[in-house]
S.K.: 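Just passing along the structure, written as structure tokens.
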Amino acid sequence: MKADPIGIFDSGVGGTSIWKEIQALMPKESTLYLADSANAPYGEKSKNEIVRLSIKNTEFLLDQGCKLIVVACNTATTNAIDYLRENYDVPFIGIEPAIKPAALQSKSKTVGVLATKGTLSSSLFHSTSENHANGITIIEREGSGLVELIEAGKIDSPEMHELLKKFLAPMLAEGIDYLVLGCTHYPYLIPMLEKMLPDHVMIIDSGEAVARQTKSILEQRDLLNESNKKGTAIFRTNGNLTVLENFLKDSDVAEVSYLDF
Ligand code: DGL
């Protein structure tokens, strides 16, 4: 059981940003990553459809013997994690926009949240905002089109710059000093965002916190891998293999392959 892999899924390549944090924190853990790129973006789908796809990914990972599942997708977490926790016995770790730390640290009391339509419309996102953002103005923007460009490998493109400019303008006009990245694809936009944002605006995402939470749950359940060797990292995509390989080109991975799951 302890040597079994951690299963990770996302609507595509974005969750690799979470995998990188997990791998850096727990190099002995083996991982199996599913990029459901054929069905991206999840953010434009109905809750029922997001739950259905999350079940499909979960069952695949459980069939492969995963000991814990990281839902490395804000949209799937905010729409489907309650269902998954109620219906499967393994522990699930989810990811949600980091509103709480941003709200605690904001001096202008105005925080921007960039996330998918599916995340921003979810009841979990609304309750988190209400619980943690007392006295804080939250400027939400749907990042429509961003996931599609990232899935196409067009991160550093003029189209991306134009979209981000459009999404950031109203937030900057309202005086945000924190920008919460509420989608696991978006950390790959940080180099471009840093060039576009004034110096006083901080960017925050939940990747590191998810890795720490994963470690803490594995410890609590006595599931940490005790081997002395480095874990094995396997990636499966039902979309464009070259794009996924590019996201992993600087990482030590055992296998990246196409699979129609
Ligand atoms: N990475 C997913 C997230 O964190 C992207 C969702 C989508 O496919 O629209 O929300």
Side-chain angles (χ1 to χ4, degrees), residues 7-22 33-58 61 69-84 92-99 102 112-126 128-129 140-155 160 163-164 167 179-190 193 203-211 213-214 235-240 243-244 247-248 261:
I8 305 172
F9 77 82
D10 179 37
S11 61
V13 294
T16 56
S17 64
I18 307 299
W19 171 81
K20 287 175 187 172
E21 301 283 358
I22 290 175
Y33 182 100
L34 282 188
D36 193 15
S37 295
N39 292 300
Y42 281 13
E44 303 292 321
K45 293 183 162 45
S46 68
K47 181 179 170 77
N48 280 350
E49 185 64 1
I50 297 166
V51 172
R52 187 186 70 77
L53 293 167
S54 300
I55 292 172
K56 166 187 73 83
N57 300 333
T58 296
L61 292 169
I69 292 180
V70 178
V71 182
C73 174
N74 292 258
T75 312
T77 298
T78 51
N79 286 278
I81 204 158
D82 290 347
Y83 179 91
L84 298 176
F92 286 89
I93 309 293
I95 180 161
E96 284 183 72
I99 291 177
V113 181
L114 192 58
T116 69
K117 184 175 170 184
T119 294
L120 294 174
S121 64
S122 68
S123 49
L124 192 55
F125 174 77
H126 284 290
T128 307
S129 311
E140 299 170 13
R141 279 305 297 218
E142 287 172 15
S144 305
L146 298 179
V147 167
E148 288 92 327
L149 285 176
I150 296 166
E151 286 291 320
K154 294 181 181 171
I155 292 182
M160 184 66 83
L163 276 183
L164 289 178
F167 298 148
L179 173 65
V180 177
L181 302 184
C183 170
T184 56
H185 282 69
Y186 300 169
Y188 288 110
L189 304 177
I190 290 175
L193 284 167
I203 301 170
I204 191 163
D205 70 73
S206 317
E208 248 187 271
V210 168
Q213 173 71 356
T214 305
F235 291 77
R236 306 269 186 246
T237 177
N238 55 12
N240 188 320
V243 170
L244 179 59
F247 277 89
L248 298 168
F261 60 86

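Start at 1 and go down the list; that is how both ligands and their atoms are numbered.
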S.K.: For ligand 1, what is the set of protein residues having any non-hydrogen atom at a distance below 4.0 Å?
M.R.: Asp10, Ser11, Pro41, Tyr42, Gly43, Cys73, Asn74, Thr75, Thr116, Val147, Cys183, Thr184, His185
S.K.: Apply side-chain hydrogen bond (donor to acceptor under 3.5 Å, both in side chains) to the pair Tyr42 and Asn79, showing each step before the final yes or no.
M.R.: CA-CA 10 Å; Tyr42 281 13; Asn79 286 278; over 6 Å; no
S.K.: Indicate yes or no for a side-chain donor-acceptor contact from Thr75 to the backbone of Thr119 under 3.5 Å, with no hydrogens or angles considered.
M.R.: no
S.K.: Within the 4.5 Å heavy-atom criterion, are Phe92 and Thr77 side-chain neighbours or not?
M.R.: no
S.K.: Does Leu146 reach the side chain of Cys183, with side-chain heavy atoms less than 4.5 Å apart?
M.R.: no
S.K.: Can you tell if the side chain of Val13 reaches within under 4.5 Å of the side chain of Asn240, non-hydrogen atoms only?
M.R.: no
S.K.: Check each of Leu61, Ile93, Ile81 against Ile69 using the side-chain contact (heavy atoms from CB on, under 4.5 Å) test, and report the only one that passes.
M.R.: Leu61
